[in-house]
Amino acid sequence: MRPVERSDKMKMVHSDIRGPIYQRALEMERQGIEVLKLNTGNPGNFGFGMPASVRAALLENLDRAVAYCDPGGMPEAREALRAYHAAQGLEDITAEDIFIGNGVSEMAQMVCMSVLSAGDELLMPMPSYSLWSNGAYLAGAKPVFYTCDEKADWYPDVEDMARKITPRTKAILLINPNNPTGQVYAPALVEQVIGLARRHGLLLIADEIYDRLILDDMPFRSVGALAPDMPVVTLNGLSKSHIVCGFRCGWAAVSGPRKLTEQLRQCLMSLSALRLCGNVLTQLVLPAAMADPDSTRAMLVPGGRIYEQRAAALRALDQLDCISYVKTHASFYIFPKIADRVPITDDRRFALDLLEEKHILLVPGSGFDWPTPDHFRLVLLPEPEQIYRAILDIGDFLERYHQ
Ligand SMILES: Cc1ncc(COP(=O)(O)O)c(C=O)c1O
């Protein structure tokens, strides 16, 4: 018998966040070596706990969670999300325009399957969280990367975006606030992207999972709120804002003129039905979670963990001249640049060597489809003192490192 061959669709799929370097870290742990794992944005691994409101709702609803629910989601949960998005300015959506699934990850695959045919192109940011490029590959389509410009606070370069539109372009993806850059885009920039999509008749996909994790009172507007005349699908979820990554709870909200989104909504419904339903327990806690923005906010202000960890990270980065960075204003990631004088030609090798010597696991820039071997993503989730020391350790390593 011949060995089982992978499908063509899988050939380009990659996930460096949980790839070979991560496997090596696990092996080191099995050998008894303690590794500081800064590869995933998984707050539950760093002593963050779920809000009391979520815990109470969970316990209260346990017995209601055993049956399948409607494929698109439970009515109370969909209604809570409708109200959330209406308050953000997506005024015309109904609860049935929201599809709840097992994380934004699942909903992103459904969106890609729904709108991309073989050979179609999805415009997406670079650096890029790999969920979306993989989603495009799995749909047989092609991710086309527009540059986010480090010299312009990592804002998307709208001219680059415009140049890359072809007759095969189906949609523009905006991840705002962004992973891995930690930036929030000003509403004026979002308007420019919407204008481009409008001129070319493109669907807008807005991954806004970090919209509740904005620091420094930076202004944020949801794409759908600024584009009521356009088909928009907005993705969001509880994983990060409510420290429940493991619950797998995300959703897609379809907005814009209904006649323009009929097929998209039908496809999301069919795909939802194919996997029967999303996790019911998490849908039962959704109304309580959405009614509790305060637990999330408390992490983002002085004295809160996310705020103080970022401050400690920036204090450490400021001491290093082998690394430069753009100050972040959202999420808990940063995408620093390694100075040109550090001779690195292979950033995966760098990440592996760092792991072996300093027992720190991070994701090299190439894991975010970044084209040059001079960036990496740091997850700023350890307590302030620990992230501070880890960054100084990375600096110490880089000062002596060459390939
Ligand atoms: C931009 C972005 N979108 C989606 C996800 C996936 O989230 P979920 O846990 O809801 O699948 C992540 C997770 O890190 C992310 O950073």
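All values below come from the heavy atoms of this structure, side chains included, with hydrogens, waters and symmetry mates left out. When a ligand or atom number is given, it counts from 1 through the structure's own listing order.
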Gly250-ligand 1 polar pair, N/O distance under 3.5 Å: no
Looking at ligand 1, does any of its N/O atoms fall within less than 3.5 Å of an N/O of Ser105? yes
Between Tyr129, Tyr210, Phe247, flag the one that comes closest to atom 16 (O) of ligand 1 by a heavy atom. Tyr210
Closest protein heavy atom (residue, atom, distance) for [atom]:
{"atom": "atom 3 (N) of ligand 1", "result": "Asp207 OD2, 2.6 Å"}
{"atom": "atom 9 (O) of ligand 1", "result": "Ser239 OG, 2.6 Å"}
{"atom": "atom 7 (O) of ligand 1", "result": "Ile209 CD1, 3.4 Å"}
{"atom": "atom 10 (O) of ligand 1", "result": "Val104 N, 2.7 Å"}

Distance alone, cut at 3.5 Å: any donor-acceptor contact between the side chains of [X] and [Y]?
{"X": "His375", "Y": "Glu150", "answer": "yes"}
{"X": "Asp149", "Y": "Thr147", "answer": "no"}
{"X": "Thr372", "Y": "Trp370", "answer": "yes"}
{"X": "Asp369", "Y": "Ser128", "answer": "no"}

Per-atom contacts of ligand 1 with [X], taking only distances under 4.0 Å to non-hydrogen atoms:
{"X": "Arg248", "value": "8 (P), 9 (O), 11 (O)"}
{"X": "Leu131", "value": "4 (C)"}
{"X": "Lys240", "value": "13 (C), 14 (O)"}
{"X": "Ile175", "value": "1 (C)"}
{"X": "Tyr333", "value": "14 (O)"}

Ignoring hydrogens and geometry, is there a side-chain-to-backbone donor-acceptor pair from [X] to [Y] under 3.5 Å?
{"X": "Gln403", "Y": "Asp346", "result": "yes"}
{"X": "His329", "Y": "Val184", "result": "no"}
{"X": "Arg377", "Y": "Asn39", "result": "yes"}

Can the ring centres of Phe99 and Trp251 be said to be less than 6.0 Å apart? no
